[in-house]
Amino acid sequence: MNVKDELERAAGIGNGVRLNDIELDPLTVKAMMINEVVPADPQQDFYGPADADYLKTAIPLLQKAGAAVDSMEDVLRMGVYLTNAVKTPKAGCSVEKSAIENSLPYLEAELSLFPNLKVVMLMGDVAKKAFNMLAKKSTGKNTVPAGATYKLRNSAFYYQGIRVMPSYIMTGGNLLIEKSKVTMAAEDIGAMLAIISQ
């Protein structure tokens with residue numbers, strides 16, 4: 001299955017929307033890690049070249065969590081799919097609510113692609129906000145309550161039988177500076193890996 005083709009079939013071709021143009025077997029995906037927003041340069045995204053900026057932080061984070069991965073192919077082989085909540089690059093310093101709303105149909109379609117999904121990790125506040133907007137649309141309430149991530153990260157939340165885990169953003173240069181967030185994100189990823197290995 002080509003992810004981009006499936007998402008465009010489900011939600012249409014959006015102006016400036018960037019989708020993961022990759023082939024994978026949807027039955028093998030057990031976890032979905034949702035990052036905040038696509039990078040300005042599409043070559044720097046998770047499925048870009050081996051030295052893409054997003055991979056420079058995501059792969060070491062997965063390794064710190066105990067995953068034996070060196071490439072995006074290794075990550076996918078483990079049953080972990082990485083994506084972005086917002087499918088258009090941010091225009092300024094922050095992500096506009098309208099950008100999240102415009103990307104929701106794609107994120108919703110993406111979630112529906114994987115019938116064996118056990119865990120959704122929300123990597124950052126934008127991912128948490130986007131996921132809650134989706135959940136509210138179908139259930140009438142947020143899956144993850146408001147509050148600081150460090151207070152929420154060890155609680156068990158569920159959406160349609162899938163474990164939802166709020167954590168910290170997994171991309172960007174600032175991640176390397178904030179050691180405590182790196183440690184907590186790695187712990188959260190370790191917990192996710194334990195769940196999908198059962």
Side-chain angles (χ1 to χ4, degrees), residues 1-24 26 29 31-59 61-62 72 75-76 80-114 117 119-139 142-144 146 149 159 162 164-176 178 181 185:
M1 168 191 85
N2 181 282
V3 173
K4 181 180 179 189
D5 291 349
E6 292 298 319
L7 298 183
E8 286 181 344
R9 193 173 295 120
I13 298 173
N15 186 25
V17 168
R18 297 214 192 112
L19 305 170
N20 296 328
D21 192 5
I22 57 163
E23 296 285 333
L24 56 74
V29 174
M32 184 172 180
M33 296 176 72
I34 305 174
N35 186 55
E36 295 199 331
V37 60
V38 295
D41 175 1
Q43 287 296 302
Q44 302 308 318
D45 209 342
F46 297 116
Y47 303 96
D51 64 345
D53 285 347
Y54 276 20
L55 287 179
K56 286 180 188 170
T57 51
I59 296 290
L61 205 51
L62 284 153
M72 200 59 234
V75 176
L76 288 169
V80 179
Y81 172 75
L82 277 59
T83 194
N84 298 289
V86 178
K87 311 298 187 186
T88 53
K90 58 185 176 183
C93 293
S94 60
V95 177
E96 299 291 326
K97 185 179 180 191
S98 60
I100 298 173
E101 290 169 341
N102 292 340
S103 294
L104 283 182
Y106 298 100
L107 187 60
E108 186 173 24
E110 218 164 5
L111 279 163
S112 73
L113 293 178
F114 309 117
L117 202 58
V119 180
V120 171
M121 291 198 73
L122 306 176
M123 308 306 288
D125 290 340
V126 172
K128 183 168 78 172
K129 185 183 231 177
F131 193 86
N132 273 338
M133 288 166 82
L134 268 186
K136 203 164 195 168
K137 188 177 131 192
S138 64
T139 66
N142 291 338
T143 297
V144 180
T149 300
Y159 172 77
I162 299 165
V164 178
M165 302 174 71
S167 191
Y168 295 98
I169 192 163
M170 61 191 292
T171 55
N174 289 345
L175 184 66
L176 304 173
E178 301 183 66
K181 287 186 178 175

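Values in this document were obtained by computation on a predicted structure and should not be read as measured data.
- Here the CG atom belonging to Leu104 is positioned 11.0 Å from the CZ atom belonging to Phe131, to the nearest 0.5 angstrom.
- For Glu96, there are no salt bridge (Lys or Arg N to Asp or Glu O under 4.0 Å) partners at least two apart in sequence or on another chain.
- For Lys90, the side-chain contact (heavy atoms from CB on, under 4.5 Å) criterion is met by Val37, Val95, not counting sequence neighbours.
- Rounding to the nearest 0.5 Å places CE of Met133 at 10.5 Å from NZ of Lys137.
- Residue Met32 forms a side-chain contact (heavy atoms from CB on, under 4.5 Å) with just one option from Val80, Leu82, Leu107, and that option is Leu107.
- Applying the side-chain hydrogen bond (donor to acceptor under 3.5 Å, both in side chains) criterion to Lys128, with sequence neighbours excluded, gives no partner residue.
- Sorted by first and then second residue, the pairs that involve residues 80-111 and meet ring-ring contact (aromatic ring centres under 6.0 Å, His included), not counting sequence neighbours, are Tyr81-Phe114.
- We find the OG1-CG distance between Thr143 and Leu122 to be 8.5 Å, quoted to the nearest 0.5 Å.
- Every residue meeting the ring-ring contact (aromatic ring centres under 6.0 Å, His included) condition with Phe46, not counting sequence neighbours, appears here in chain and number order: Tyr54.
- For Gln44, the side-chain contact (heavy atoms from CB on, under 4.5 Å) partners are Pro39, Asp41, Ala52, Asp53, not counting sequence neighbours.
- Between the CG atom of Asn35 and the OG1 atom of Thr57 there is a distance of 7.5 Å, given to the nearest 0.5 Å.
- Taking Tyr159 as the reference, Ser138 meet the side-chain hydrogen bond (donor to acceptor under 3.5 Å, both in side chains) condition, with sequence neighbours excluded.
- Ser167 places no side-chain N or O within donor-acceptor distance of the main-chain N or O of Met123, the cut-off being under 3.5 Å.
- Remark: Pro89 pairs with Arg18, Val38 by the side-chain contact (heavy atoms from CB on, under 4.5 Å) rule, at least two apart or across chains.
- The side chain to side chain donor-acceptor pair (under 3.5 Å) pairs that include a residue from residues 4-17 are Glu6-Arg9, where partners are two or more places apart or lie in different chains.
- In this structure, the separation between NZ on Lys181 and CD1 on Ile169 is 9.0 Å, given to the nearest 0.5 Å.
- Looking at every heavy atom in both residues, Ala40 comes nearest to Pro42 through O-CD, 3.5 Å.
- Residues passing the side-chain hydrogen bond (donor to acceptor under 3.5 Å, both in side chains) test with Asp45, sequence neighbours excluded: Asn84.
- The two residues Pro166 and Val144 make their nearest non-hydrogen contact at CG-CG1, 4.0 Å.
- Leu113 contributes atom CG, which lies 8.0 Å from atom CG of Leu24 (distance to the nearest 0.5 angstrom).
- By the salt bridge (Lys or Arg N to Asp or Glu O under 4.0 Å) test, Glu110 pairs with Lys87, sequence neighbours left out.
- Side-chain contact between Leu61 and Tyr168 is absent, with no heavy atoms from C-beta onward closer than 4.5 Å.
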